[in-house]
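These notes are about the structure you will find just below.
The figures that follow rest on heavy atoms only: side chains count, while hydrogens, waters and symmetry mates do not. Proteins come first, then strands; the chains are lettered A, B, ... in the order of their sequence lines, and each starts at number 1.
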Amino acid sequence: MEHIVELCYIVAAILFILGLKMLGSPATARRGNMISSLGMLIAVVVTLCHRDVVSFQWIVIGAIIGTIIGALAARLVAMTAMPEMVALFNGFGGIASLLLGWGEFHGGGAVSWFKLLPIAFAVLIGGLTFTGSLIAYGKLTGKIETKPVLFPGQQVVNAFLLLAAIVCTALYCSGSASGAQYQIFIVIVVLSFIFGVLAVIPIGGADMPVVIALLNSYSGLAACAAGFVILNNVLIVSGALVGASGIILTKIMCKAMNRSLANVLFSGFGGATTAVGGTTEGGEVRPITAEDAYYVLEAAGSVVFVPGYGMAVAQAQHAVRELGELLEGNGTEVRYAIHPVAGRMPGHMNVLLAEANVSYDQLVEPEDVNPAMETVDVCMIIGANDVVNPAARDDESSPIYGMPIIEVDRAKTTIVLKRSMAAGFAGIDNPLFFKENNRMLFGDAKSSISTLISEFK
Amino acid sequence: MEHIVELCYIVAAILFILGLKMLGSPATARRGNMISSLGMLIAVVVTLCHRDVVSFQWIVIGAIIGTIIGALAARLVAMTAMPEMVALFNGFGGIASLLLGWGEFHGGGAVSWFKLLPIAFAVLIGGLTFTGSLIAYGKLTGKIETKPVLFPGQQVVNAFLLLAAIVCTALYCSGSASGAQYQIFIVIVVLSFIFGVLAVIPIGGADMPVVIALLNSYSGLAACAAGFVILNNVLIVSGALVGASGIILTKIMCKAMNRSLANVLFSGFGGATTAVGGTTEGGEVRPITAEDAYYVLEAAGSVVFVPGYGMAVAQAQHAVRELGELLEGNGTEVRYAIHPVAGRMPGHMNVLLAEANVSYDQLVEPEDVNPAMETVDVCMIIGANDVVNPAARDDESSPIYGMPIIEVDRAKTTIVLKRSMAAGFAGIDNPLFFKENNRMLFGDAKSSISTLISEFK
Amino acid sequence: MIAIFLLFILVLAIFLGFELIAKVPSTLHTPLMSGSNAISGITIVGALIVTGRSGSETATIILGTLAVAFATINVVGGYLVTDRMLAMFKKKY
Amino acid sequence: MIAIFLLFILVLAIFLGFELIAKVPSTLHTPLMSGSNAISGITIVGALIVTGRSGSETATIILGTLAVAFATINVVGGYLVTDRMLAMFKKKY
Ligand SMILES: NC(=O)c1ccc[n+]([C@@H]2O[C@H](COP(=O)([O-])OP(=O)(O)OC[C@H]3O[C@@H](n4cnc5c(N)ncnc54)[C@H](OP(=O)(O)O)[C@@H]3O)[C@@H](O)[C@H]2O)c1
Ligand SMILES: NC(=O)c1ccc[n+]([C@@H]2O[C@H](COP(=O)([O-])OP(=O)(O)OC[C@H]3O[C@@H](n4cnc5c(N)ncnc54)[C@H](OP(=O)(O)O)[C@@H]3O)[C@@H](O)[C@H]2O)c1
């Protein structure tokens, strides 16, 4: 029996691996997710058959509560609220690892450092993931101050807490404080919570996606640590897979923003920048009415839509798709150029456009659209700003210099849809707005596009 | 100590993985190979420190002999003889697994099926790999009949032997034949040798590269089995890596030839086909002299070389490079289009051109050169035949229909360098030779190109 | 010795994770994030064992039940939300 | 239990192998073949243990020594020949 359980764990791990592999292509991704969930089901069922598991009452209660909450949350969340949902789930994974470690410690199975150390790790990482994710959730929903919270001596406090955590862990593992071991354990729990809070409050709300990816990676590490606690293979493998995934996503986001991870975590980016927004210098701006924009689009042979965060704010994805279809009906070639960090989380625009039923083979990446940009008649920039800022290419002094962009300024005509001259996430000027072949279509993206659509009909 | 040894094995495995990863790009490949060999060194050194290893005399003797032979062979082999060299090394890996299993069995450490079964696998796969590789070596060097050796009842004999092997293995593992166990073991050894011979003789000499890749995979599996014999992690991991690598290479080759693995292994391909070679029908052939070819090349703005097996036969790679440089000096854009199965082993052309000092960024793949083929002025086809056969694209009845090709027939002019109108490996006609914009430059590729070069000077 | 095996497994899984994830196109990064997040709910296995063991104290059972509940939210919510997202990714012809 | 761990390791290594090798461009397939062939000479580790054990019979020692010799040829020859090939892959500017 024991062996069959272990073999089933291997099967579960294989299914996780296959599932992640299939998540690599839009055509197979959904099946991949199901295969991965099948792996989870197998792991759970087989664990319930484990000889150690004898009383089911509390398990059933916990599982029912969890299933109801999880299913409801997954059902009810709006597509635009995905980032905060992921943050919350992530935090729950973290606290589960902490509770598991605590339960194992309380159960008294832990005597040697070989067991105590993984418990300490599971608790520290799990607790940090929990509170960190909650803060990230709060910042994303605007429930707490989204600006970086910085206070004097922050680094000193952090260093002191880190030292305390190391000392406590050492004392606790060595068993030299046998009388006070439980007290020390509680201190570690509390410290882990404080860590999570302190790590995330100094980071600006707009950097939360990076934080979530990183915390995702941590929740994987916590699962790994839990795996070492109960000596379970499948926890270790799955935890490592998740850990790797989170780190890669973090790296991709940092690279696309052309910032280092250290800069994201420690610099308090986004605190000062909001002040810089809404500048004026740089030349003349040429506004355009929806009616004139209609004539431009009507005459175009090829149109590229470049969506950005503004499309998410305006919830304009359905209108954009409708406009795209009208243009196609008009014989125009329509594509959507998606920048990897457009919006506020990786792949944000893809999810929104998918929701609006845009076929994923119409979506193109910057590398594919940039080389032939000169041949594009009209670029419609829908609430994007930083990701089309030519300063990233031309202006070495720009804070985003070096970040890869969609080079819409090389298209024949550009039309920018936004509400004002305000800056985007990075809080910097965009020379594109002042170019001769650029027109600004001011107003909420959704209403502007709706007007355009009515012109077409 | 024990733990340190095991940790070092983990390090060795990591180095193998990193090494294979770095083999993925020409710029890092050499360093990757060194890192992989460093992993091997660590594994060996650490094993010598293992508490079980106490007498070194015989180890030193074996290692010295092996090092001398291996180093000499690696030094002296000609680049064109790579396939047979790899086959030979591969066979040695297989026999080492067999001997290891035998030694472990003889040493008497084996009592439960849990140890006996892996030994049986190590012996069976190791022995098969050994003799199979030797036959492949013989066929590649022409030391034995390269045509498929087929005899009546071959399948029956094979099935009978397989049954015998299964029965022997079962008897031997169950221990139910305790008196005769050693005899049965020897029967297994002999059977494994026979298997290797019988598996490879019915395969034509030109299919040997596929066989070698497959045997490479088997030698990995043998190492895996040996790992289960001595319960050693690093053997299992490395064996699995090699096993996967061999299978992928086999698959790639089969796919590029548009044949199934079963067809390669069992069909006796290449036996009948030689008869079909050298056909005539199809229209008029337009020969060209080296002098006229010179004028064509001299006037060309872009030239693509397409090397094939004939370049290897003629050893023309240095001459080709020289001609390429002369053309470049003349202001012509020169590229080399390499088909994945041009020649007789995967990447064959790349190795030869690298030997001749052609920069690897001048080498392009079919997918990259095909789309813009119309813009190429001259394609020089140097001893290639099947890989440029338009029948693979156009003629559904062709045996190679569906195999991806380099579509040189769409270039403005093609010049084919070969000695006769004989067919290539697949033994089929090539309609390219009869196209209006094609010229045949008959003769050995090396001497033809040398003449061209002297024209240029 | 078990620690060595587990460490080996950890190392291999990390390498494998990097290889697998690096191939996922940016189109799918949001579902990847929530999908891998669901996988991290595998701690549920540990939670089940801690909760279901015989003769545990009440405190252990409470901790375990909470762990089960939270891990279940993570698993169920994570997979469902990912599926909801992926159901929207369609190719039209 | 050890068998389970080894099996797990085997499975992970196979997946990892496929991911790694599938990325190697066809340019490098010949060196890949000989390079991975050299790695399969890892049986040398087993051969060393069998040969070096104390108190073995002569027959075992002979078998072991042969195994060491063959595995060494595979390792040394394989790595050297791969290096020779790869040394030729150069980029000119
Ligand atoms: N995707 C990720 O994973 C991620 C993670 C972290 C950070 N980031 C960062 O986020 C930024 C993304 O660039 P982006 O170009 O997508 O967005 P952006 O630079 O933040 O610009 C968004 C623009 O949309 C406009 N907008 C807002 N609401 C609108 C509405 N209702 N209708 C029309 N326009 C509206 C805003 O201008 P008005 O106010 O004038 O309307 C704003 O300039 C990058 O700097 C990236 O580094 C991305
Ligand atoms: N690369 C691999 O891994 C691999 C493995 C197994 C099988 N294969 C098969 O091998 C074939 C490779 O195609 P390929 O186009 O490279 O070769 P090919 O179709 O075999 O043709 C080679 C041509 O070179 C000519 N040739 C021979 N010696 C020559 C010399 N000294 N000078 C000039 N020409 C000479 C021959 O014609 P003449 O006799 O008229 O000169 C022959 O037609 C494919 O069918 C492939 O499926 C490849």
Is there a side-chain contact between F92(B) and T72(D) (heavy atoms, below 4.5 Å)? no

Between A74(B), G19(B), G347(B), which has the largest tally of heavy atom pairs under 4.5 Å with chain D? A74(B)

Tell me, side chain or backbone of S217(B) under 4.5 Å from chain D's heavy atoms, or both, or neither? neither

Would you say the side chain of L23(B) lies within less than 4.5 Å of the side chain of L86(D), judging by non-hydrogen atoms? yes

Heavy atoms, side chains only, cut-off 4.5 Å: are I212(B) and M33(D) in contact? yes

Under 4.5 Å from any heavy atom of chain D - which part of L76(B): backbone

Please classify the contact of A226(B) with chain D as side chain, backbone, both or neither, using a heavy-atom distance under 4.5 Å. side chain

For chain D, which of F89(B), W58(B), F56(B) has the most heavy-atom pairs under 4.5 Å? F89(B)

Do any N or O atoms from the side chain of N216(B) and from the backbone of S36(D) form a donor-acceptor pair under 3.5 angstrom? no

List for me each residue that meets salt bridge (charged side-chain N to carboxylate O under 4.0 Å, His left out) alongside E19(D), sequence neighbours excluded, and say none if there are none. K21(A), K23(C)

Greatest number of heavy atom pairs closer than 4.5 Å to chain B - which of V68(D), V76(D), I39(D), L80(D): I39(D)

Indicate yes or no: at least one non-hydrogen side-chain atom of T65(D) is less than 4.5 angstrom from one of I59(B). no

Euclidean distance, M22(B) CE relative to L28(D) CG, rounded to 0.5 Å: 12.0 Å

Do H50(B) and R53(D) come close enough that some side-chain heavy atom pair is under 4.5 Å? no

Does any backbone or side-chain atom of E365(B) lie under 4.5 Å from a heavy atom of chain D? Answer side chain, backbone, both or neither. side chain

For V234(B), is it the side chain, the backbone, both or neither that has a heavy atom under 4.5 Å from a heavy atom of chain D? both

Non-hydrogen atoms of chain D under 4.5 Å away: do they reach the side chain of I95(B), the backbone, both or neither? side chain

Counting N and O atoms only, with roles assigned by atom type, does the side chain of Y79(D) sit under 3.5 Å from a partner on the main chain of L38(B), one being a donor and the other an acceptor? no

More than 12 heavy atoms from other groups under 6.0 Å of CZ on F130(B): yes

Of all heavy-atom pairs between L16(D) and L241(B), which one has the smallest distance, and what is that distance? C-CD2, 4.4 Å

Y360(B) versus T27(D), side-chain donor and acceptor atoms under 3.5 Å: no

With a 4.5 angstrom heavy-atom cut-off, is it the side chain or the backbone of L72(B) that approaches chain D, or both, or neither? neither

Checking L249(B) against chain D: side chain, backbone, both or neither under 4.5 Å from a heavy atom? side chain

Chain D heavy atoms under 4.5 Å from P83(B): which part of the residue, side chain, backbone, both or neither? neither

Contact class of I338(B) relative to chain D, heavy atoms under 4.5 angstrom: neither

Once you round to the nearest 0.5 Å, how far does CD1 of I236(B) lie from CG of L6(D)? 4.0 Å

Which portion of M34(B) sits near chain D, non-hydrogen atoms under 4.5 angstrom: side chain

Beyond-backbone contact of I17(B) with L20(D), side-chain heavy atoms, under 4.5 angstrom: yes

The reported gap from CZ in F70(D) to CG in L100(B) (rounded to nearest 0.5 angstrom) is 14.0 Å

First locate atom CG of L66(D), then atom CG of L98(B), and finally report the distance between them rounded to the nearest 0.5 Å. 11.0 Å

Considering only heavy atoms from C-beta outward, does the side chain of M40(B) approach that of I44(D) to under 4.5 Å? yes

Summary of side chain to side chain donor-acceptor pair (under 3.5 Å) pairs that have at least one residue in residues 86-100 of chain B, sequence neighbours excluded: N90(B)-S219(B), N90(B)-N37(D)

Nearest 0.5 Å please: distance from the CG atom of L63(D) over to the CZ atom of F105(B). 11.5 Å

Name the option with the most non-hydrogen atom pairs under 4.5 Å to chain B; the candidates are V24(D), I21(D), V81(D), I73(D). I73(D)

Using only atom types and a distance under 3.5 Å, with no angle test, would you say the side chain of R30(B) pairs donor to acceptor with the backbone of R84(D)? no

Assess whether side chain to side chain contact (heavy atoms under 4.5 Å, CB included) is satisfied between Y9(B) and V45(D), documenting all intermediate values. CA-CA 10 Å; Y9(B) 282 154; V45(D) 165; 3.5 Å; yes

Let me know if L215(B) has heavy atoms under 4.5 Å from chain D in its side chain, its backbone, both or neither. neither

With a 4.5 Å cut-off on side-chain heavy atoms, are F16(B) and I42(D) touching? yes

